[in-house]
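Each chain gets a letter, A, B and so on, in the order the sequences are listed, and its residues count up from 1.
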2 protein chains.
Amino acid sequence: MSAETEIAERLISEIVSGRYNVHERLPSENEIAGKYKVPRITARKAYEKLEELGYVYRQQGKGSYVKDRLTQIELVLSGGVSFSQKMLEKGYDFESRNIFSREIKYNKRIYDCLETGEKDRVFKIGRLRFIDGQPIALHISYIAKSVFPDIAAEGANLTSMFSYYNSKGYHEFLSKPSLLSVSFPTKLQRKLLGCTYLVPLLALQSGCIDKRTGAVLECTKILYRCDRFSYIMP
Amino acid sequence: MSAETEIAERLISEIVSGRYNVHERLPSENEIAGKYKVPRITARKAYEKLEELGYVYRQQGKGSYVKDRLTQIELVLSGGVSFSQKMLEKGYDFESRNIFSREIKYNKRIYDCLETGEKDRVFKIGRLRFIDGQPIALHISYIAKSVFPDIAAEGANLTSMFSYYNSKGYHEFLSKPSLLSVSFPTKLQRKLLGCTYLVPLLALQSGCIDKRTGAVLECTKILYRCDRFSYIMP
DNA sequence: CCATGGTAACTTGTTGCCAAGTTGGCCGCT
DNA sequence: AGCGGCCAACTTGGCAACAAGTTACCATGG
């Protein structure tokens with residue numbers, strides 16, 4: 001195992017244990033090199049790892065500083081419930097922003113999930129979720145026009161799908177079986193979620209069904225920042 | 001965004017799309033530097049990222065090669081079922097190895113999970129799970145001696161807890177609510193699971209209850225390699 | 001003709017030094 | 001005494017050159 005990884009882990013351990021306060025300055029590359037008897041490039045690589053992992057920020061001429069790592073949110077992984085509602089109930093400073101609404105081309109997987117035919121029109125609606133002004137999750141819903149005839153006109157204004165369903169007379173929901181995976185963010189996801197390329201994202205693909213009629217209301221893909229959530233499966 | 005991240009992503013995209021075969025040699029640092037008009041150190045950093053993420057292996061004097069990335073296993077995240085059984089049913093070349101069995105000191109969280117008193121003795125049993133000879137998951141069970149009086153003597157031989165429960169007359173199980181989180185592996189976890197420090201691990205903490213009596217049979221912590229699994233929540 | 005050794009041209013790995021940015025202390029001026 | 005400018009000593013950022021490893025080709029000897 002490389003020296004820079006060992007040093008990085010030592011520094012991570014110190015940061016996590018509270019040895020340094022948020023925004024406190026860490027030892028310089030030269031100090032680390034001297035302390036661990038390694039060339040400076042090794043110390044630099046250790047700090048680069050810390051930066052990539054999100055523990056520090058660095059500024060030329062100034063030094064390396066502990067980044068503000070926000071506390072984790074416990075999230076109950078149950079479908080059929082409004083994410084917006086969950087966050088508000090937990091008392092977070094929560095905000096949801098609609099970032100796009102557009103029609104998609106036929107896609108067999110999504111159309112099958114929506115249990116709709118090839119001639120239907122399907123809209124992709126994205127909401128970015130913020131807590132304390134920081135983006136923490138990206139929610140994408142696929143909605144069939146045959147179920148929601150006004151979706152083309154209304155989609156761009158939606159920030160909570162469950163509020164929308166309520167307004168259309170749907171009040172009780174079931175969740176489809178979910179597929180869950182973990183991956184590193186794409187360039188666009190990094191931009192939207194404001195994270196480095198090494199923040200794993202938990203992707204949850206699922207669907208929402210109206211309990212009364214059995215109609216598929218949406219198919220969803222949700223991307224949660226793993227560094228901001230831990231999850232409870234009921 | 002840095003040039004080396006862009007280049008790394010370009011290379012990842014090419015690897016994932018099948019442009020290069022497994023073990024095929026990739027362009028040298030100098031070739032990348034020439035192609036993208038960057039200094040060689042930038043090309044190197046791109047390759048270092050690929051190596052850390054597990055896409056390539058590198059050898060001085062020879063070059064960089066595409067690493068064999070094994071296909072993902074779909075895993076149904078339901079407790080109360082034997083992991084060993086699931087893997088065997090899927091037809092994988094599966095092996096489970098017991099790697100330790102030892103008594104632990106009193107730990108409030110674990111003892112509370114086991115719903116047992118401070119005077120009980122609790123054993124920590126670890127199994128490492130292999131598919132095709134590669135470690136893919138680490139299972140840790142906490143077992144109370146008051147429920148399994150022979151655990152001290154038998155623990156070191158156990159490779160499947162469910163087989164053990166069956167042999168003790170337990171046949172139907174319920175799962176406790178689970179806590180799920182994602183983190184990067186520690187040094188020991190990397191050693192056990194044979195992965196780099198950037199392979200996210202999905203940690204699933206749960207418990208197993210005997211359906212008939214309601215007794216808590218075990219508390220578990222399971223670490224799955226995220227690069228080897230995608231998960232289905234029923 | 002075949003086998004062996006040497007070397008040039010490549011590969012990745014390492015290091016020293018220069019570049020760019022920051023800041024505190026000192027000096028000069030008002 | 002106070003303020004502003006300059007500079008040395010530090011910080012991180014960047015890069016060319018050297019080091020170490022590999023391999024294919026060529027020359028030489030048996």
Handout entry: Contacting residues from residues 38-58 of chain A, given that a heavy atom lies under 4.0 angstrom of DNA chain D
Key =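 The stretch gives A/Arg40, A/Arg44, A/Arg58 as the residues lying under 4.0 Å from the strand, ordered by number.
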Atom-to-atom span, [atom1] of [X] to [atom2] of [N] - whole angstrom:
X	N	atom1	atom2	result
A/Gln59	D/dT12	CD	P	11 Å
A/Ile32	D/dT11	CD1	P	11 Å
B/Gln60	C/dG13	CD	C1'	5 Å
B/Lys62	C/dT11	NZ	P	14 Å
A/Arg25	D/dT11	CZ	P	6 Å
A/Glu29	D/dT11	CD	C1'	8 Å

Exercise for the section: Using only side-chain N and O atoms of A/Ser28, determine if any of them is under 4.0 Å from OP1 or OP2 of D/dC10. Expected result: no
Practice task
Tell me whether the OP1 or OP2 atom of D/dT11 has a side-chain N or O from A/Asn30 closer than 4.0 Å.
Solution key: yes
Problem - Heavy-atom pair with the smallest gap, counting every atom of B/Ser101 and B/Ile125 - result: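 That closest heavy-atom pairing would be OG-CG1, 3.7 Å.
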Completion exercise
Smallest heavy-atom separation, B/Leu202 atom then B/Cys226 atom, equals N-SG, 3.5 Å
Problem - Within 45° cone of A/Tyr47 ring axis and under 6.0 Å: A/Arg44 NZ or CZ - result: no
Practice task
Applying salt bridge (Lys or Arg N to Asp or Glu O under 4.0 Å), run through B/Lys49 and A/Glu48 and close with a yes or a no.
Solution key: CA-CA 11 Å; B/Lys49 281 180 165 57; A/Glu48 278 169 356; over 6 Å; no
Fill in the blank from the handout: DNA chain C nearest-nucleotide lookup for A/Gly61 and B/Gly63: closer to the 5′ end is B/Gly63
Problem - Between CD on residue A/Gln134 and CZ on residue A/Arg225, distance to nearest 0.5 Å - result: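 If we round to the nearest 0.5 Å, A/Gln134:CD and A/Arg225:CZ are 7.5 Å apart.
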Practice task
Determine whether B/Arg129 and B/Ile131 make a side-chain contact, defined as any pair of heavy atoms from C-beta on separated by less than 4.5 Å.
Solution key: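 Counting from C-beta outward, B/Arg129 and B/Ile131 never come under 4.5 Å.
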